[in-house]
Structure formats: structure tokens, C-alpha cells
Colleague: 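My questions all concern the structure below.
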2 protein chains.
Amino acid sequence: MFVGDCVAELSKLPAHSVDVVFADPPYNLQLEGTLHRPDQSLVDAVDDAWDQFASFEAYDAFTRAWLLAARRVLKPDGTLWVIGSYHNIFRVGAILQDLGYWILNDVVWRKTNPMPNFKGRRFQNAHETLIWAARDKDARKYTFNYDALKAFNEDLQMRSDWLIPICTGGERLKDDAGDKVHPTQKPEGLLHRVLVSSTKPGDVVLDPFFGTGTTGAVARRLGRHFVGVERDRTYAAHAEARIAAVEPASAEALALTLGKKAEPRIPFGSLIEGGLLAPGETLSDAKGTVAAVVRADGSLDWNGITGSIHRVGAAAQSAEACNGWTFWHVFREGRPVVIDDLRQAVRKMMGNPG
Amino acid sequence: MFVGDCVAELSKLPAHSVDVVFADPPYNLQLEGTLHRPDQSLVDAVDDAWDQFASFEAYDAFTRAWLLAARRVLKPDGTLWVIGSYHNIFRVGAILQDLGYWILNDVVWRKTNPMPNFKGRRFQNAHETLIWAARDKDARKYTFNYDALKAFNEDLQMRSDWLIPICTGGERLKDDAGDKVHPTQKPEGLLHRVLVSSTKPGDVVLDPFFGTGTTGAVARRLGRHFVGVERDRTYAAHAEARIAAVEPASAEALALTLGKKAEPRIPFGSLIEGGLLAPGETLSDAKGTVAAVVRADGSLDWNGITGSIHRVGAAAQSAEACNGWTFWHVFREGRPVVIDDLRQAVRKMMGNPG
DNA sequence: ATGAGACGTGAATCTTGTT
DNA sequence: TAACAAGATTCACGTCTCA
């Protein structure tokens with residue numbers, strides 16, 4: 001591990017000495033005011049100095065510099081991973097294409113537990129994007145452990161969308177005061193999948209933005225060598241202690257983190273998108289005493305009371321709560337069909353994507 | 001619908017005339033051999049290195065041209081959607097940031113049934129990326145139907161990852177020979193969610209790469225107007241026939257679920273004017289630990305601190321801010337009733353006068 | 001000891017209308 | 001245009017408190 005600026009430190013390494021680069025650069029978040037949750041508590045923003053850039057141009061220059069330095073130390077058949085959000089990932093992706101990297105995949109990290117959008121002004125930002133790229137367009141022998149991934153994924157090809165929780169609980173590093181050490185610590189599960197898919201035991205992994213050493217900890221556990229560069233001495237110190245405590249895990253334990261799957265939740269609106277229900281159709285309860293109209297936005301209208309299938313179902317029964325899936329029916333060929341059956345049909349259409 | 005080059009046709013439209021742009025541009029022109037510069041000259045590949053540079057440059061110029069043209073016709077509070085894959089989306093995203101668009105979200109379309117990766121050299125490419133951006137950074141009144149999407153998604157706010165099947169079966173347009181008409185026809189379910197989330201009935205939607213008219217078909221069904229531009233006469237002809245067969249949904253089915261923000265404002269004083277609260281009555285918080293007195297002028301008095309229900313509520317909690325409507329309660333028949341319920345009663349009175 | 005419920009928190013470009 | 005005021009707004013978990 002080296003403490004220092006990543007471009008300067010990388011220039012000291014020999015060329016073509018690294019199998020894989022994993023980089024979690026600053027996102028250039030460009031936050032302005034403060035943000036409160038509905039309960040008035042303050043959201044702890046990423047306002048650290050290392051994430052501040054004067055302009056897109058400044059961020060681009062920074063990005064070009066470290067991507068160039070990383071490319072020099074990569075072996076000809078090496079690959080590079082970068083993670084980012086919509087704030088920066090498009091710039092990073094375009095620049096790495098310009099520099100001659102060849103994109104192999106973009107991969108979506110779907111968070112099981114993302115922070116909500118508190119003000120209701122956008123979609124909940126529930127994912128981040130990783131780019132996986134070869135050093136050169138004509139690289140043929142880069143490492144991709146296709147069969148291992150397929151075995152871990154219940155004999156299905158590993159997809160480009162990964163469902164992994166954010167880093168919380170005991171895994172999250174805390175200082176003596178109980179505060180998080182690093183504002184953006186990545187989950188080990190993410191690095192695990194990255195390294196299992198694109199490195200072999202004994203490979204050298206370089207992380208130019210080492211932070212608190214997630215890459216190093218997972219690399220050590222998986223029997224990979226690592227080189228980390230971190231500018232902040234506090235982060236580096238925590239990383240060192242953390243990695244020293246890592247014990248290599250058994251092969252069985254490795255399989256566990258990759259096998260997780262979740263049953264896909266089907267929103268009611270998907271029945272409309274999928275054409276199983278048309279806007280304007282009428283839903284009723286099992287006895288046919290209540291009638292509500294399906295609206296295009298995925299809500300119901302019962303005598304002017306509108307909302308989700310559950311809310312309106314509750315209102316129609318004067319109940320506190322209601323499972324709309326089993327309450328509402330639609331007529332098909334003269335018979336009432338519970339909409340839960342339509343949901344099953346959608347699930348079949350949807351196949352089995354994690 | 002217009003048949004022609006999108007930049008040329010867009011230049012004929014009036015400025016600030018469009019609410020939303022949905023664009024599905026060519027993903028990687030260099031592979032398809034149809035890459036033209038904005039002046040219509042054909043890009044001629046020479047050798048690999050030069051070809052790569054020339055191709056990205058040309059694609060960037062093409063992208064800049066149509067994004068600029070689209071920005072001119074967008075209303076100040078309009079938004080733009082672009083869909084792409086890792087081949088092009090990073091360049092598109094960086095350029096639209098450079099042009100002054102302000103990214104609101106990136107959204108991942110997760111395919112339920114993606115094509116497998118046959119060679120087993122990469123992850124299965126199971127998603128595409130959409131960028132949703134406002135025309136301007138400081139646009140505040142762009143349309144986002146938050147409450148409709150929340151109802152759609154069973155009372156959870158809509159995430160940035162959408163699970164939707166690809167376009168197959170009866171929805172996929174075929175020609176007389178039984179071959180698919182367009183190589184990349186998008187599913188109507190995807191456009192449904194795009195238009196429900198970011199447009200209102202009656203809005204104008206522009207699609208500069210109209211193809212076989214998915215945007216037009218869904219817009220028509222959802223009671224939105226559309227403008228489509230397509231260069232290929234065959235695609236345009238199929239689009240026209242397809243859209244003509246679409247049955248628009250009824251006005252009632254198109255109504256959007258609206259939240260509190262859309263409701264008329266009721267000053268607190270109206271509760272006193274309407275006789276629902278009497279001057280001198282006592283309000284308290286939900287637990288009954290705080291008590292304030294209602295004054296005839298519509299202000300509260302809590303231990304000598306006077307002001308609006310919000311200010312006094314904040315002071316009573318030692319908080320920065322407070323929604324007085326949900327904080328304060330009044331006793332009715334021995335039970336605490338939140339004053340927000342009284343406000344609803346006033347709204348009903350005002351909605352049905354007499 | 002156990003369970004129910006309160007509390008805290010995470011890479012966030014997060015309001016709107018009037019004066 | 002800047003300042004002020006009204007008032008709308010959250011999901012999944014892990015941990016802690018208290019009965």
C-alpha cells in the first residue's frame with residue numbers, strides 16, 4: 001500500500017505489471033444545499049474536499065490523468081473496473097473509450113437498500129454503474145471466469161445486473177467516536193464478485209483510490225495480491241489494520257455470497273404495461289359488489305377515491321389494510337379472475353432474473 | 001410524423017414547443033456502416049487506430065447535433081430521455097452534460113429475457129441504460145408524476161431499475177415475409193412507464209428517431225400528442241399503420257394520481273372562519289405534551305411564542321422546520337384529531353359550495 | 001431471555017409560491 | 001432577484017431500549 005497521489009505513485013510502478021485495476025474515483029457529486037429527511041433529521045452529505053472539482057473540464061482532466069497512468073501499468077491482457085454514478089460515469093466512460101480502452105460490459109449494482117428520494121422529485125437512485133473494460137481493443141486473453149460464475153448463479157449465465165446490499169452493520173468501519181470512517185465504503189460483496197469474475201488466484205489487483213481498503217481485504221481473502229494507493233493517511237491506516245485482520249475464507253464460504261437471489265416483486269402497474277389489463281377496465285371484489293376502474297398510471301378509481309390497489313381495496317371495505325392482489329378480480333371469458341393470477345402470468349413472462 | 005433527417009426536420013419546428021423528447025439513437029454507427037457526419041458525408045474508415053478515432057469523433061458530432069436541435073425545441077421546463085447501451089451511452093451522457101442538460105436520473109431497463117452471451121467471454125448483457133435529463137440545470141417545474149408512480153409501484157417510490165420484458169410475440173412488427181421490420185423495436189411497456197412518469201395528458205412528445213413508432217403508439221394510447229421524425233420510409237410506413245390501429249384510452253382512465261402538492265392551499269385561518277376551530281381552543285401534539293392556544297387571527301400562542309402553526313410547531317419541538325398541519329391536534333369527542341383532517345373538511349366544503 | 005417498537009442512517013446533484 | 005414563508009416528504013436494515 002502506498003500513501004500519496006495516485007498518478008504520482010502509479011508512475012513509480014513498472015509498466016505492464018498489473019492484471020486488474022479496480023477504481024472507485026470521486027464522483028464529483030456537486031451538492032449545493034443541505035437535505036433533511038421527512039423527520040427533519042439531516043442527511044450526512046458527501047461534502048469532502050476530495051470530491052470537489054471546479055468544473056467538468058477539471059474533472060475530465062483528473063480522470064484522463066489517472067486512466068492514462070493506470071493503462072501504463074496494466075498488462076496487455078489486463079482489464080479495468082470503474083464504479084460511478086450518473087454524476088460522473090458518463091464522462092469516465094467516454095474518456096476511457098477515447099484513451100483506447102475497450103468496454104467489455106457495463107454492470108449495474110442494484111442496491112437492496114438504497115437511500116430514498118426524500119423530496120419525491122426524482123426516481124429513487126437505487127443503483128450505481130460499473131464499467132468493465134480491456135486495456136486494448138484486441139485483447140483476447142483477458143480473464144473471465146465464465147464457468148465459475150455460471151455455477152455460482154445456479155447454472156444461468158451471470159447477468160450484467162447485480163443485486164447486492166450497501167455496506168452497513170458490522171462491515172462498516174467506525175472510528176473511536178462511532179462515526180463512519182469513510183463516507184462511501186463499498187460492500188465487500190461487490191468486490192468479491194468483481195474479483196471472482198475477472199481475476200485468478202495470484203493475480204495482482206491495483207486500486208488507485210484505496211480508501212479504507214475494501215479491495216485489499218477481499219483480494220487477500222481470495223488469495224489475490226493487491227497494490228493500493230490512498231492519499232488520506234487516516235483512511236490508509238484503517239485500511240492497513242482492516243486487511244491485517246482478514247483471514248482467507250474457504251471455497252464453500254465464497255459460494256454463499258454469489259448464490260443469493262430474490263423473488264422479483266411485480267408492481268401492479270406492470271400488468272398494464274404488459275397488456276394484461278387495459279386502462280379503463282373494471283375490477284371488482286369476489287362477490288361483484290364493488291367496482292373500480294383501472295387507470296393508466298397503475299392506480300384504481302373507486303367512486304372518486306384513487307390510489308394503489310391496496311389502498312383503494314381497503315377503502316372499499318372500510319378496512320385499515322387490504323391485499324389488493326387477492327381482493328380484486330377482473331372478468332375474463334365471463335368469469336371473475338383474481339388479479340393475483342395475472343401477476344403469476346407476468347412472473348412467468350419475467351422469467352427468473354435475480 | 002415527418003420523414004427525413006432528424007436535425008433538418010427539427011430545425012423546422014418552433015422553439016420551446018415540446019414537453020418531452022424520447023430518443024433511441026443509433027447505438028454504434030461505426031459497426032453498421034451508415035455513419036454520416038452532420039453534413040451528410042459518409043465517414044470513411046482507414047486503418048484501425050484512425051478509424052477508431054474518426055468514428056468516435058463522428059459519432060460525437062452527430063450526437064451533439066441532434067441533442068442541440070432537440071434542446072432548441074424543448075420547453076424550458078421540458079425533459080429529455082435517451083436510451084442506449086455501453087457502446088454509446090457514455091458519449092451521449094457526457095455530451096448532454098456539456099450542452100447544459102441537467103441529468104435527473106439514469107434509469108436501468110432490466111430485461112427479463114435478454115439474449116445470452118454465446119461466446120461466454122462476457123457477462124450476459126441484460127440491461128440498457130436510459131438517461132433522464134432536464135433541459136436546464138435550474139428547471140424546477142419539470143413534470144414528474146411521483147404520486148402516480150408510487151401508486152403504480154404499490155405505495156413504494158419508483159426505483160431507478162425497471163424490470164420489463166423485451167419486445168417479442170404479437171407486439172413485434174413483422175413484414176410480409178415474416179421478418180422483423182426493425183432490429184431494435186422497443187417494448188411498449190418501457191415507453192408506457194416513461195410517458196406516465198414524465199408527461200401529462202395533452203403534452204407533446206417528440207421522438208427524433210421514430211423507427212416503427214413505439215413512442216407514437218403509446219403516446220396515442222395515453223392521450224399524449226407526438227411528433228415523430230424517421231429517415232427510413234419503410235419504418236415510417238409501418239409506424240403510421242401501427243399507430244392508426246391504436247385505441248386511445250378514456251379520459252377517466254388517464255387521470256393521474258396526484259399528491260398533496262396538487263391540492264388547493266387552505267390557510268389555517270380558514271378553519272376558524274369555517275367554524276371548525278374556535279378562537280381560544282387548545283391544540284396539542286400527538287402525545288399531548290405540548291399545548292398552544294388558537295388565536296382569532298389564525299396564529300398560535302405557545303407559552304408566549306406566537307406565529308404560524310408551522311413556526312410555533314417548530315419552536316415547540318426546538319426544530320428548524322415543522323409541518324403544522326400534521327403536528328397539531330385538537331380534541332373532538334375525547335379524541336385527538338389532526339388538524340390536517342379539518343383542512344380536508346374545508347377542502348370538501350369549498351369543492352361543493354352550497 | 002425474548003420480542004416489540006423506537007431510533008438511526010446510507011455517494012443525494014431532492015420544494016414552491018409570494019413579496 | 002433575493003429573501004422569506006408555507007408546507008411536503010422516506011425505504012430497508014441494523015441496533016438499541018424497554019417491557
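Throughout, a chain's letter reflects where its sequence line sits, starting with A, and its residues are numbered from 1.
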Colleague: Restricting both atoms to N or O, compile the protein contacts to nucleotides 2-5 of chain C shorter than 3.5 Å, with distance only.
Modeller:
none

Colleague: Using a 4.0 Å heavy-atom cut-off across all strands, classify B/S308 as base, sugar-phosphate, or nothing.
Modeller: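 Since only primed, P, OP1 and OP2 atoms lie under 4.0 Å of B/S308, the category is sugar-phosphate.
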
Colleague: Give me the first and last nucleotide of DNA chain D, going 5' to 3', that has any atom under 4.0 Å from a heavy atom of chain A.
Modeller: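 Both ends considered, the range comes out as D/dA8 to D/dT15.
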
Colleague: Can you run through DNA chain D from 5' to 3' and write each base as (, ), [, ], | or . depending on how it pairs? Watson-Crick or G-U wobble, both distances under 3.5 Å.
Modeller: .|||||....|||||||||

Colleague: If you look at every strand shown and take non-hydrogen atoms under 4.0 Å, does A/S85 touch a base, only sugar-phosphate, or nothing?
Modeller: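 Touches nothing.
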
Colleague: Using the C1' atoms only, state how far C/dC7 lies from D/dT10, rounded to an integer number of Å.
Modeller: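 Here D/dT10 and C/dC7 have their C1' atoms 14 Å from each other.
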
Colleague: NA contact type, B/P267, heavy-atom cut-off 4.0 Å: base, sugar-phosphate, or nothing?
Modeller: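 Nothing, no heavy atom under 4.0 Å.
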
Colleague: Determine the contact category for A/P187: base if any of its heavy atoms lies under 4.0 Å from a base atom, sugar-phosphate if only primed atoms, P, OP1 or OP2 are that close, otherwise nothing.
Modeller: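 Answer is nothing: A/P187 stays at 4.0 Å or more from every strand.
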
Colleague: Between C/dC14, C/dT13, C/dT15, which nucleotide gets closest to the side-chain atoms of A/H87?
Modeller: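 Side chain of A/H87 sits closest to C/dT13.
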
Colleague: Taking salt bridge (charged side-chain N to carboxylate O under 4.0 Å, His left out) as the test, write out the residues that go with B/D301, two or more places apart.
Modeller: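 For B/D301, no residue satisfies salt bridge (charged side-chain N to carboxylate O under 4.0 Å, His left out) once neighbours in sequence are set aside.
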
Colleague: Would you say a side-chain N or O of A/K119 is under 4.0 Å from OP1 or OP2 of C/dA12?
Modeller: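 For C/dA12, OP1/OP2 do not have a side-chain N/O of A/K119 under 4.0 Å.
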
Colleague: Can you list, pair by pair, the side-chain donor-acceptor contacts under 3.5 Å of residues 308-317 of chain B, counting residues two or more places apart and other chains?
Modeller:
| from | atom 1 | to | atom 2 | distance (Å) |
| --- | --- | --- | --- | --- |
| B/S308 | OG | B/H310 | N | 3.3 |
| B/S308 | OG | B/R311 | N | 3.1 |
| B/H310 | ND1 | B/G324 | N | 2.9 |
| B/Q317 | NE2 | B/G313 | O | 3.3 |

Colleague: Look at A/K111 together with B/D161 and state whether they make a salt bridge at an N to O cut-off of under 4.0 Å.
Modeller: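 Answer for the salt bridge query: no.
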
Colleague: Using the C1' atom as the point on both nucleotides, what is the distance between D/dA8 and C/dA11, in whole Å?
Modeller: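 Their C1' atoms lie roughly 25 Å apart.
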
Colleague: Tell me if the side-chain of A/K111 makes a donor-acceptor pair with the base of C/dA11, cut-off 3.5 Å, by modelled atom types.
Modeller: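 Looking at the base of C/dA11, it does not pair with any donor or acceptor on the side chain of A/K111 (distance under 3.5 Å).
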
Colleague: Among the candidates C/dG10, C/dA11, C/dT13, find the nucleotide nearest to the side-chain atoms of B/Q97.
Modeller: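 So the side chain of B/Q97 is nearest to C/dT13.
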
Colleague: Using modelled atom types only, decide if a donor and an acceptor are shared between the side chain of A/R121 and the backbone of B/R140 within a distance under 3.5 Å.
Modeller: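 At least one qualifying donor-acceptor pair exists.
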
Colleague: Regarding B/L156, tell me which of base, sugar-phosphate or nothing describes its non-hydrogen contacts under 4.0 Å with the strands shown.
Modeller: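 Sugar-phosphate, backbone atoms only, no base.
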
Colleague: Search all heavy atoms of A/R172 against all heavy atoms of A/H182 and return the closest pair with its distance.
Modeller: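 Looking at all heavy atoms of both residues, the closest pair is NH2-O, 2.6 Å.
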
Colleague: Cut-off 3.5 Å, side chains only: do A/H238 and A/D175 have a donor facing an acceptor?
Modeller: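 The criterion, which ignores hydrogens and geometry beyond distance, is not satisfied for A/D175 and A/H238.
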
Colleague: Is the shortest side-chain N/O distance from A/R37 to OP1 or OP2 of C/dG8 below 4.0 Å?
Modeller: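 Checking C/dG8 against A/R37, no side-chain N or O comes under 4.0 Å of OP1 or OP2.
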
Colleague: Considering every strand and a 4.0 Å limit on heavy-atom distances, what is the contact class for B/E263: base, sugar-phosphate, or nothing?
Modeller: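 Contact class for B/E263: none.
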
Colleague: I want to know whether B/W132 and B/W81 have ring centres closer than 6.0 Å.
Modeller: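 Yes, the ring centres sit under 6.0 Å apart.
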
Colleague: Taking B/D340 first and then B/R343, would you say they form a salt bridge - that is, a charged N and a carboxylate O separated by under 4.0 Å?
Modeller: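 B/R343 and B/D340: salt-bridged.
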
Colleague: For nucleotides C/dT13 and D/dA12, find the distance between their C1' atoms and express it as a whole number of Å.
Modeller: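 Approximately 23 Å lies between the C1' atom of C/dT13 and that of D/dA12.
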
Colleague: Please check if atom CZ in A/R242 has more than 12 non-hydrogen atoms from other residues, nucleotides or ligands closer than 6.0 Å.
Modeller: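 Correct, the count exceeds 12.
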
Colleague: Which residues within residues 122-131 of chain A lie with some heavy atom under 4.0 Å of an atom in DNA chain C?
Modeller: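 Under 4.0 Å from DNA chain C: A/R122, A/N125, A/E128.
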
